[in-house]
Protein chains: 2
Amino acid sequence: MSLTHIQSFVAVAEEGHVGRAARRLHLTQPPLSRHILALEDELGTPLFERTARGMRLLPAGEAFLHHARRILAEVDAAVHTVRGVTSGH
Amino acid sequence: MSLTHIQSFVAVAEEGHVGRAARRLHLTQPPLSRHILALEDELGTPLFERTARGMRLLPAGEAFLHHARRILAEVDAAVHTVRGVTSGH
DNA sequence: GCTAATTACGTCGCTCGTAACTATC
DNA sequence: GATAGTTACGAGCGACGTAATTAGC
């Protein structure tokens, strides 16, 4: 599991489409698709349903999405906090 | 920034010593030292004070530590939640 | 046959470990 | 000179992108 994979997951969840998410992340489809597959493999369960139009979240994916967003937000907060301490009040 | 770097940071913070943290992580000192340097470089500020006996947290490091622990805990929670959803509540 | 995702495959970059170096006591 | 951290460097692994493939409409 890596932060990159988590960011990829959130992008695909929000776009519902690997191609669009890839453009948003400045990446091509294959690596992004592999991120999702790796995540699903690691978690031991699919996170998306593959349809002809794209990717739709499964319940496991919905559950993961909430955590994924919190993780990314927490990382952001960590960076800002350190910068705040440093450039210090 | 990667989860590996964050795990490395927490281990060094807790051990106060790169060598011991490396053993705990089943790693050698150099890569672990590089993880910390990379993190400090990315955050734009040192997180530890280097002493003759090891590494002591600076205020910026203390601040980062709280977030780091929360990030890792959140990742754990994400995994367990997905497993819970899957293996059916 | 179009659109979308995935797999194959070669290349480049990253990260490891060993060894050498630097610094502090 | 011992202990601790860092830098040099070569090797192996991993992740990218292009191209080819598979699947559903």
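Below, chains carry the letters A, B, ... as their sequence lines are ordered, and counting in each starts from 1. What's counted below: heavy atoms across the whole structure, side chains too, no hydrogens, waters or symmetry copies.
A ring pair (Phe, Tyr, Trp, His ring centres under 6.0 Å) check over residues 37-60 of chain B, counting only residues at least two apart or in different chains, returns the pairs B:Phe9-B:Phe48. The stretch residues 53-64 of chain B participates, sequence neighbours left out, in these side chain to side chain donor-acceptor pair (under 3.5 Å) pairs: B:Glu49-B:Arg56. Applying the salt bridge (Lys or Arg N to Asp or Glu O under 4.0 Å) test to pairs two or more places apart or on separate chains, those with a residue in residues 24-39 of chain A are A:Glu14-A:Arg24, A:Glu15-A:Arg24.
Within residues 13-27 of chain B, the residues approached by DNA chain D to less than 4.0 Å at the level of any non-hydrogen atom are B:His17, B:Val18, B:Gly19, in residue-number order. At a non-hydrogen distance threshold of 4.0 Å, B:Arg53, B:Gly54, B:Met55 from residues 53-63 of chain B come into contact with DNA chain D.
Here A:Ser33 does not reach the OP1 or OP2 of C:dA5: none of its side-chain N or O atoms lies under 4.0 Å away.
Contacts of B:Arg50 classified as side chain to side chain donor-acceptor pair (under 3.5 Å), with partners at least two apart in sequence or in another chain: B:Glu40. In this structure, the side chain to side chain contact (heavy atoms under 4.5 Å, CB included) partners of B:Ala78, at least two apart in sequence or on a different chain, are A:Phe64, A:His67, A:Ile71. By the salt bridge (Lys or Arg N to Asp or Glu O under 4.0 Å) test, A:Arg70 pairs with B:Glu74, sequence neighbours left out. Residues that satisfy the side chain to side chain donor-acceptor pair (under 3.5 Å) test with A:His17, not counting sequence neighbours, are absent from this structure.
In this structure, the nucleotide among C:dT6, D:dG5, D:dC16 sitting nearest to the side chain of A:Gln29 is C:dT6.
Residue side chain A:Arg34 does not reach the base of D:dG14 through any donor-acceptor N/O pair under 3.5 Å, judged by distance alone.
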### Query
What is the per-nucleotide protein-contact pattern of nucleotides 20-25 of chain C, from the 5' end, where B denotes a base atom under 4.0 Å from a protein heavy atom, S denotes such proximity for sugar-phosphate atoms only, and - denotes neither?
----SS

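Taking atom CD of A:Glu42 as the reference point, atom P of D:dG14 lies 13 Å away to the nearest angstrom.
Backbone-only engagement by B:His35 is indicated by non-hydrogen atom pairs under 4.0 Å involving sugar-phosphate atoms exclusively.
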